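Report on one structure; see the data block that follows.
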Amino acid sequence: FRRPEVMIKLLCDVHSWENAYVGVVENPFFNVTGAAGSYRITGLPAGTYLLEAWHEKYGMADQAVTLKDGETQTLDFHFKMP
């Protein structure tokens, strides 16, 4: 890929119910949620970040967070239903 992009939908030409999504990012700080919706991103250096969450049906949600050295924070994302 030549540039980052989230999310790219892939479709199956044979089975219409089969599809997948691909996210292309420029950094190692991403994750996929578990079955209960939890996630963990580790190793972020101190700084201010904009975290983005994506849902197949509800789109994007984002939140800014500022981390100090060694700090851990919990962020919950809330999506608006269409």
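Both backbone and side-chain heavy atoms feed into the values below; hydrogens, waters and symmetry mates do not. Just so we're clear, the structure is a prediction, and the values are computed from it rather than from any experiment. Throughout, numbering of the chain's residues begins at 1 and tracks the sequence.
Summarising the geometry, atom CG belonging to Leu67 is positioned 6.0 Å from atom CG belonging to Leu44; distances are rounded to the nearest 0.5 Å. Going from atom OH of Tyr21 over to atom CD of Glu56 covers 3.5 Å, rounded to the nearest 0.5 Å. For the atom pair CG of Asp62 and CZ of Phe77, the computed distance is 7.5 Å after rounding to the nearest 0.5 Å. From Asn27, atom CG reaches atom CD1 of Ile41 across 9.0 Å, with rounding to the nearest 0.5 Å.
Note on Trp54 and Phe30: same hydrophobic cluster, where clusters join Ile, Leu, Val, Met, Phe, Trp and Tyr whose side-chain heavy atoms are under 4.5 Å apart, directly or indirectly. Under a hydrophobic clustering in which Ile, Leu, Val, Met, Phe, Trp and Tyr are joined whenever their side-chain heavy atoms come within less than 4.5 Å, directly or via other members, Met60 and Phe79 fall into different clusters. Cluster membership for Leu10 and Val24, using ILVMFWY side-chain heavy atoms within less than 4.5 angstrom, is shared. Side-chain heavy atoms closer than 4.5 Å link hydrophobic residues (I, L, V, M, F, W, Y) into clusters, and following such links, possibly through other members, connects Phe29 to Tyr49.
Looking at every heavy atom in both residues, Asp69 comes nearest to Ala46 through OD1-CB, 3.3 Å. Among all heavy-atom pairs drawn from Glu71 and Lys68, the shortest one is OE1-N, 2.7 Å. Shown here for Tyr39 and Leu75, the closest heavy-atom pair between the two residues is OH-O, 2.9 Å.
In this structure a side-chain-to-backbone donor-acceptor pair under 3.5 Å is missing from Gln73 to Val65. Distance alone, capped at 3.5 Å, is enough to place a donor-acceptor pair between the Asn31 side chain and the Arg40 backbone. Here the side chain of His15 pairs no donor or acceptor atom with the backbone of Trp17 at under 3.5 angstrom.
Legend: residues meeting salt bridge (Lys or Arg N to Asp or Glu O under 4.0 Å) with Glu5, ordered by chain and number and at least two apart, are Arg3. Qualifying side-chain hydrogen bond (donor to acceptor under 3.5 Å, both in side chains) partners for Thr66, counting only residues two or more places apart in sequence or in other chains: Thr48.
Using a 4.5 Å heavy-atom threshold, the side chains of Asn19 and Lys9 count as touching.
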Test log, rule side chain to side chain contact (heavy atoms under 4.5 Å, CB included), inputs Val6 and Glu52: CA-CA 10 Å; Val6 178; Glu52 294 181 332; over 6 Å; no
